[in-house]
Each structure stands twice: as C-alpha cells, then as structure tokens.
K.L.:
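Quick one: structure below, then a few questions.
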Amino acid sequence: MDLALLRTFVAVHRAGSFTRAAALLGLSQPAVTSQIRTLERQLGRPLFHRRSRGVTPTAVGDELAHKAAPHLDALLRITEAEREAAGAQRTLHLAGPPEFLSLRVLPALAPLVGQGHTLRTALRTDAEEALDGLAAGHHDLVTTTVRPRGGLFTATALCDEEHLLVAAPYWAALIDADRLREGGPATLDGIPLVEVHESMPLATRYWAAVFESRPDTRPDAATVVVPDLRAVLECVRAGAGLAVLPRYLCREALDRGEVVALPEPAVPPLRTWFLVVRTGSLALAHLSRAHELLVGAAAHW
C-alpha cells in the first residue's frame, strides 16, 4: 500500500476535513480527495462519511487509523532524527496571548536557540483564531486557556493560574474589607475598572466565582480597555482603577506595594493553561523538545 496515501488518510482522519488536511500537507483539496478515493478503491470500503462540514470516519476508517498512525509517526521520527544528525535548523512557530508568551513561554524555550533552532511568535488573544491557525499549519504550538475538542489536536495541561482583584493603594484604601466581604461587588460601585476587552471576560469570571453575580458589562463600564495584561497592570499601578489579574503577572508589584490585592476568597478563581499541538506532530524532534521544555518549566510556575 502506498505510504503517501496512508499519510494523507491519517491527516484527514485527524483533521476531520479534506480542506484542513490539504493545508497541513501542502496539497490541493482535489488532490487529497483523489488520494482518499484511490485508497478506498484499493480497500473496497468507504473510509469516511462525507458531511456538510467535514468528514467523520467509518468503522473501517477508525480501525485503519488506529493501525497506521503509530507507524507513520514512527517513520516521521526516524526522518527527523536524520535531519537532526545532519544539523538541519528548524523553526518553531508559536501562538498565544502576548503576556503569557513573553513572561512564561519564550523564557522557557530560550535553550532551543542555543541548539540552533529559531523561534517565531504570533500574538493571539483570541483562542479560536489561534487554534484555527494551528489547524491550518500556520502555528506549531499554541498556549491557550481553552481545551480544544476533536482528534486534530492534542492538549496538555500546563498550569493553573490564580486570579486576584487588585488596585493601587489609593483605591484600596477606599474599600472597606469587611464591607466587601459582606456587601459583595456593590461595594465597588463607582470605582473604575480596567479590562482586556469590552466584554470584560476576567471580571465576569471573577465576579461569578467570588461574588456569584455579574459585573456591569455595558460598553462604557470599563474605564480602560487594552488587550495586553501587562498594560492593564501598568494602568492599575498608575491609579486608573481596579482589575482582575493573574498572580504571576502582578507578584512583583504586590511585593513592592505598588498594587494591593483586595480581600482574597478562601478558594481563589483559577483558569488552566493548555499546551496544544496537532496530533502526531510530537514526532517532530524540535516540537517534542519544545513540548518537554514547557511542561518541565510549568511544574515551577
């Protein structure tokens, strides 16, 4: 059986789409469709059900993928090992939110540069956009707080991120801790809010977890909206208002007294970060090495 046909078949099985598989393989969609039809003729059985949106495997398709994919991944690892031995340079394409890439991911991957690899980043605050880019082959690795579904992606939990409600000392002094605990978010009325988006995702999540309510999400509710948490922290530090921020990001400002954490709940709001790759791509040596570095670093985050 032609290995090229099997490679195309596994790509379609993982992607759930001829279009996505074509993009990943660098082929046209008609070429992918033709190869799958050729393989189906050789086997005498259909491998996919064609749907309005993509394809789903038949029982025969699932069985073939289960048998063939590990061997194709092993062949890819052999090819990559030969490239590594020949000193081939590889480029790793990363995508994720700017502050997490800057403060967590890129420092952890710095050893790759000393090993002859290059890094390229795409700043993506929208998780769906980042995952679409991963599916299309534009990115090799994505960090996101959204766990993707489907067989195209493999997601590994990296770390849990604790969120705090913080303010500059001036605003914190105006908030009575006991009243905040007893009266809830109404105590914060009139104090400006700084957020990363008009929809106020961080405040909404925090209010739901801590106060069991929702913040004011009208278009003018947030005084400052800036799509970078580092900029949010600077605004809070300068006295622009309150903000919900991850502890790791504002730890130094807290230690220096530049911002103050408002009374913290017994169970802090958390969100989980995931490291996402295309299924099977960890057979690539440079991707596998980056994955190991990040998982190892995350154990200390």
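Note that these values count all heavy atoms, side chains included, but never hydrogens, waters or copies made by symmetry. Numbering starts at 1 and runs along the sequence shown. Because the structure is predicted, anything quoted here is derived from the model rather than measured.
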K.L.:
Tell me whether E99 contacts the main-chain N or O of L249 through its side chain, where contact means a donor paired with an acceptor under 3.5 Å.
P.N.:
no
K.L.:
With rounding to the nearest 0.5 Å, note down the distance linking CG in L27 to CZ in R7.
P.N.:
7.0 Å
K.L.:
When you group the ILVMFWY residues by side-chain heavy-atom contacts below 4.5 Å and let the links chain together, are L242 and V225 in the same group?
P.N.:
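Not linked; separate clusters.
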K.L.:
Using modelled atom types only, decide if a donor and an acceptor are shared between the side chain of T154 and the backbone of R278 within a distance under 3.5 Å.
P.N.:
no
K.L.:
Are L165 and L188 close enough, and set up right, to give a side chain to side chain contact (heavy atoms under 4.5 Å, CB included), and what steps lead you there?
P.N.:
CA-CA 11 Å; L165 182 61; L188 305 175; 3.9 Å; yes
K.L.:
Would L245 and L164 count as a side chain to side chain contact (heavy atoms under 4.5 Å, CB included) if you check the C-alpha gap in whole Å, the side-chain angles of each, and the deciding distance to 0.1 Å?
P.N.:
CA-CA 5 Å; L245 289 170; L164 304 174; 5.9 Å; no
K.L.:
Measure from the side-chain N and O atoms of R14 to the backbone N and O of T279, and report whether any donor-acceptor pair falls under 3.5 Å.
P.N.:
yes
K.L.:
Is the NE2 atom of H66 crowded by more than 12 outside heavy atoms at less than 6.0 Å?
P.N.:
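Open: at most 12 neighbouring heavy atoms sit under 6.0 Å from NE2 of H66.
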K.L.:
I'd like to know whether CZ of R51 has more than 12 heavy-atom contacts from other residues, nucleotides or ligands below 6.0 angstrom.
P.N.:
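Yes, because the 6.0 Å sphere around CZ of R51 holds more than 12 heavy atoms from other groups.
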K.L.:
When rounded to the nearest 0.5 angstrom, what distance separates CG in L202 from NE2 in H197?
P.N.:
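Atom-to-atom, L202:CG and H197:NE2 are 11.5 Å apart.
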K.L.:
Counting only heavy atoms not in E129, do more than 12 sit closer than 6.0 Å to its CD atom?
P.N.:
yes
K.L.:
About how many Å separate CD of E258 and CD of E252, when rounded to the nearest 0.5 Å?
P.N.:
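Answer rounded to 0.5 Å: 9.0 Å.
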K.L.:
Would you mind checking if E161 and R205 are paired as a salt bridge, meaning a charged N to carboxylate O distance below 4.0 Å?
P.N.:
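Result for this pair is no, no salt bridge flagged.
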K.L.:
Name the one of P269, P268, P201, P215 that satisfies side chain to side chain contact (heavy atoms under 4.5 Å, CB included) with Y206?
P.N.:
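Among P269, P268, P201, P215, the one that satisfies the side chain to side chain contact (heavy atoms under 4.5 Å, CB included) with Y206 is P269.
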K.L.:
Test F9 against every option in L64, V32, L72 by the side chain to side chain contact (heavy atoms under 4.5 Å, CB included) rule and name the one that passes.
P.N.:
L64
K.L.:
Show your reasoning for whether side chain to side chain donor-acceptor pair (under 3.5 Å) applies to R41 and T38.
P.N.:
CA-CA 5 Å; R41 284 196 300 269; T38 298; 3.3 Å; yes
K.L.:
Take R230 and S102 through the test side chain to side chain donor-acceptor pair (under 3.5 Å) and record every step on the way to the result.
P.N.:
CA-CA 10 Å; R230 294 165 300 181; S102 300; 3.0 Å; yes
K.L.:
Would L47 and V60 count as a side chain to side chain contact (heavy atoms under 4.5 Å, CB included) here? Give the steps.
P.N.:
CA-CA 6 Å; L47 297 172; V60 173; 3.9 Å; yes
K.L.:
Could you give the distance from CG (L123) to OG1 (T125), rounded to the nearest 0.5 Å?
P.N.:
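Here the interatomic distance stands at 9.0 Å.
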K.L.:
Using 30° and 60° as the class limits, which term best fits the ring planes of W273 and F100: parallel, tilted or perpendicular?
P.N.:
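Aromatic pair W273/F100 classed parallel.
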K.L.:
Is the number of heavy atoms from other residues, nucleotides or ligands under 6.0 Å of R256 CZ greater than 12?
P.N.:
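Enclosed.
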K.L.:
Is it the case that the side chain of T143 and the backbone of G96 share a donor-acceptor pair, with hydrogens and angles ignored and the cut-off at 3.5 Å?
P.N.:
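Not at all, since once roles are kept as given, no pair shorter than 3.5 Å links the two residues.
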K.L.:
Return the CZ to NE2 distance between R271 and H163, rounded to the nearest 0.5 Å.
P.N.:
4.0 Å
K.L.:
Can you tell me if R237 has over 12 outside heavy atoms packed within less than 6.0 Å of its CZ?
P.N.:
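Count over threshold, so yes.
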K.L.:
Please round to the nearest 0.5 Å and tell me the distance separating atom CG of L270 and atom OG1 of T145.
P.N.:
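Between L270 CG and T145 OG1, I get 12.5 Å after rounding to 0.5 Å.
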K.L.:
Would you check, one step at a time, whether the test side chain to side chain contact (heavy atoms under 4.5 Å, CB included) holds for T8 with L39?
P.N.:
CA-CA 10 Å; T8 299; L39 186 59; over 6 Å; no
